[in-house]
Structure formats: structure tokens, C-alpha cells
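First comes the structure, then the notes that go with it.
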Amino acid sequence: MNEWKAGNKEFLLAILLSGVLAWVAAYFAYLSDIKFNFWTHALSVWFVLGGFIFGLGAALNKSCGVSTLSRLARGDARMFATILGWLVGWVILACWPPKIEVVRSSLPGEISYVPLIIVTVAISVWALLGDKKRIKLWFGMMGIGFLSGFIYIYQPRWPPSALLHQISLALIDGKQNAWPSSEQYLFFIALLLGMFLAAWRTKRFIFIPASFKYLSEHLLAGTLMGVGASIAMGGNSVQLLLALPTLSPSGFGAVAGMLLGIWGGHYIIRCFKWD
């Protein structure tokens with residue numbers, strides 16, 4: 001949203017289309033006889049509301065889900081409070097779930113090859129006709145979606161929000177088999193370690209201490225993100241890289257809500273001088 005306000009609308013568009021190469025991983029899964037589908041849901045106000053709450057929290061946190069981990073790996077101690085807030089948000093919704101009626105969509109939940117391939121070709125041509133900055137932006141964003149598709153094949157619950165969701169349910173239910181697998185924990189640790197090594201190698205690691213004021217603000221922001229992700233059945237990673245490529249109506253509603261929430265969060269930051 002900052003890029004949009006700065007006049008760089010292409011950056012936001014590249015983020016929204018980052019999952020366009022998901023069809024490559026889906027086709028690989030088809031050839032390898034690996035199950036690759038995603039539950040799609042009908043559009044409802046709940047998904048828009050959940051997206052709005054998540055976007056509001058992300059704006060106040062000044063980072064989305066994966067970006068929060070990246071900031072933590074670069075030494076920003078305030079992100080510990082954000083991650084704790086994610087867990088708090090999931091627990092709140094698990095303890096006091098609203099009466100949400102989720103309707104499955106008639107769509108099969110499979111990757112829509114034809115439209116995604118057409119969009120992929122169009123983006124590639126558009127990027128190659130531009131300068132180096134445009135090429136780096138579009139192919140970089142599509143590369144994220146490309147890798148995420150194969151990660152999903154290996155571990156469908158790879159997003160950090162999914163890990164914390166399982167932990168929150170396990171804490172409430174008390175069932176031993178409800179806890180995340182050791183593989184999920186190792187994947188989470190490897191993700192953080194990779195981000196840390198990248199930050200250290202590029203000399204971007206800077207320890208940023210956190211005061212009580214900052215911790216409380218980011219705890220609130222993280223809680224909003226957790227509540228919103230719970231209602232929308234996934235944060236921005238799930239919506240952009242899975243819901244949109246499967247043309248899930250709920251995904252489009254959730255992403256629209258996130259954009260509105262981010263806009264609202266920036267308004268709060270500007271009016272109330274949120275640090």
C-alpha cells in the first residue's frame with residue numbers, strides 16, 4: 001500500500017499476481033501422482049471481514065506474515081510480540097468462535113491452468129519489454145509463487161499462521177495428535193534460519209530492542225492478524241498463493257478486505273501517530 005501511495009501501482013499488482021506460476025507445481029504434482037488441491041469457498045461477508053481485520057493488523061505491524069519473520073530474523077525484537085499476538089488471536093477464535101457459515105464453492109479447488117498460463121505469458125512479455133527494474137520485480141514476484149507451489153506440495157501447512165493455528169487448537173483441545181508434526185517445527189526453524197543467514201550475509205542484521213510500548217502495540221497488531229486469518233481461513237500467503245490461483249471466490253473477497261484493512265491501518269497510523 002505504501003508503494004501504491006508513492007505512485008508505484010505496479011508493485012501492488014505484482015504482489016496480487018505473485019501466485020500465477022502455481023500451475024507449474026500443480027502440473028508437476030499431476031505428473032507425479034501427488035494430490036494438489038485446495039478447498040474453495042463461496043464468497044461471504046466473513047471472508048471480507050477477516051481479510052479486513054488481518055490487513056488492519058498487518059498495517060499496524062507494518063509487515064505481513066512472512067515479512068514479520070524476515071524482520072525478526074534481521075534482529076527486530078518487536079516481532080516476538082507480533083508472533084505471540086498471532087497465537088493469541090487464533091486462541092481467541094478457537095475459544096469463542098463466531099457462528100460462521102462456510103459454504104463450499106462449486107469450483108473443484110484445482111489450479112486453473114488455462115487462465116494462469118495466459119496470465120503468465122502476458123506478464124512475461126510485459127516484463128521483458130520493460131527495463132531491468134520491471135524484469136526484476138515481476139520475475140522476482142513470480143519466483144516467490146513458483147517456489148511456494150512446490151513447498152505446498154512438500155508441506156501443505158508451511159505458512160507460519162498454519163503452525164500457530166494448530167498449536168492454539170492443541171492447547172485448547174489437549175489432544176496429543178492435534179499438535180503440529182516435528183517436520184512442521186523443523187520447517188519453521190529452517191525458514192527463520194535461512195532468513196537470518198541471508199540478513200547476516202548481506203549485512204542487514206541490526207538488533208532493534210523493544211520497549212513495553214512497542215511490544216504492546218505489536219501484540220495488538222499480531223492479535224488482529226491472528227483473528228483475521230482465523231476468520232478468513234488463512235493470511236495473505238494462503239490467499240495470494242493458493243486461494244487466488246484456484247479462483248476461490250472467498251480468496252478474492254479476503255484479499256479485497258485485506259487491502260481495505262491496510263488502507264484503514266495507514267489512516268490510523270497517520271491520524272494517531274502510531275509508531
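Since the structure is predicted, the reported quantities are computational estimates derived from the model, not experimental observations. As a basis for the values below, the full set of heavy atoms in this structure was taken, side chains included, without hydrogen atoms, waters or symmetry mates.
What you find for Trp138 and Ala127 is that their closest heavy atoms are CB-CB, 3.9 Å. Looking at every heavy atom in both residues, Gly261 comes nearest to Ala59 through O-CB, 4.4 Å. Among all heavy-atom pairs drawn from Gly19 and Pro245, the shortest one is O-CG, 3.4 Å. Taking each heavy atom of Leu224 and Gly57 in turn, the nearest pair found is CB-CA, 3.8 Å. Closest approach of Leu21 and Met142 over heavy atoms only: CD1-O, 3.6 Å. The nearest pair of heavy atoms linking Ser250 to Ala42 is CB-O, 3.9 Å.
You'll find the side chain of Glu183 reaches within 4.5 Å of the side chain of Tyr154, heavy atoms only. The closest side-chain heavy-atom distance from Val66 to Met195 is below 4.5 Å. With a 4.5 Å cut-off on side-chain heavy atoms, Ile151 and Phe187 count as touching. Residues Pro180 and Leu163 are in side-chain contact: their nearest non-hydrogen atoms beyond the backbone lie under 4.5 Å apart. Side-chain atoms of Thr120 and Val24, non-hydrogen and from C-beta on, never get closer than 4.5 Å to each other. With contacts defined as side-chain heavy-atom distances shorter than 4.5 Å, the pair Arg134/Leu128 does not qualify. Between Met258 and Phe52 there is no side-chain heavy-atom pair separated by less than 4.5 Å. Side-chain contact between Trp86 and Thr68: present, with at least one pair of heavy atoms (C-beta onward) separated by less than 4.5 Å.
For Ile153, the side chain to side chain contact (heavy atoms under 4.5 Å, CB included) criterion is met by Ala25, Phe28, Ala29, Ile34, Phe36, Phe150, not counting sequence neighbours. In terms of the ring pair (Phe, Tyr, Trp, His ring centres under 6.0 Å) criterion, residue partners of Phe205 (sequence neighbours excluded) are, by chain and number, Phe196, Trp200.
Using modelled atom types and a 3.5 Å distance limit, the side chains of Glu10 and Trp126 yield a donor-acceptor pair. Checked by atom type, the side-chain pair Gln166/Trp90 shows no donor-acceptor distance below 3.5 Å.
In this structure, Thr246 contributes its side chain and Leu242 its backbone to a donor-acceptor pair below 3.5 Å. Side chain of Gln239 to main chain of Phe252: no donor-acceptor pair is present (N/O by atom type, distance under 3.5 Å, no hydrogens or angles). Panel note: side chain Ser230, backbone Val227; no donor-acceptor pair is recorded below 3.5 Å.
The residues Arg78 and Asp76 are annotated as salt-bridged, a charged nitrogen and a carboxylate oxygen being separated by less than 4.0 angstrom.
Summarising the local packing, CZ of Phe139 is surrounded by more than 12 heavy atoms from other residues, nucleotides or ligands at distances under 6.0 Å. Shown here is Tyr185, whose OH atom has more than 12 heavy atoms of other residues, nucleotides or ligands within 6.0 Å.
We find the OG-CG distance between Ser216 and Leu220 to be 8.0 Å, quoted to the nearest 0.5 Å. Atom OG in Ser211 sits 8.0 Å away from atom CD in Glu217 (nearest 0.5 Å). Going from atom CG of Leu241 over to atom OG of Ser148 covers 4.5 Å, rounded to the nearest 0.5 Å.
Note on Leu215 and Leu72: separate hydrophobic clusters, where clusters join Ile, Leu, Val, Met, Phe, Trp and Tyr whose side-chain heavy atoms are under 4.5 Å apart, directly or indirectly.
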Start with the C-alpha gap between Thr82 and Met225, add the side-chain angles, then the distance that decides, and say whether side chain to side chain contact (heavy atoms under 4.5 Å, CB included) holds. CA-CA 9 Å; Thr82 299; Met225 293 173 71; 4.3 Å; yes
Report the C-alpha distance between Val20 and Leu244 in whole Å, list the side-chain angles of each, state the deciding distance to 0.1 Å, and finish with yes or no for side chain to side chain contact (heavy atoms under 4.5 Å, CB included). CA-CA 9 Å; Val20 70; Leu244 292 190; over 6 Å; no
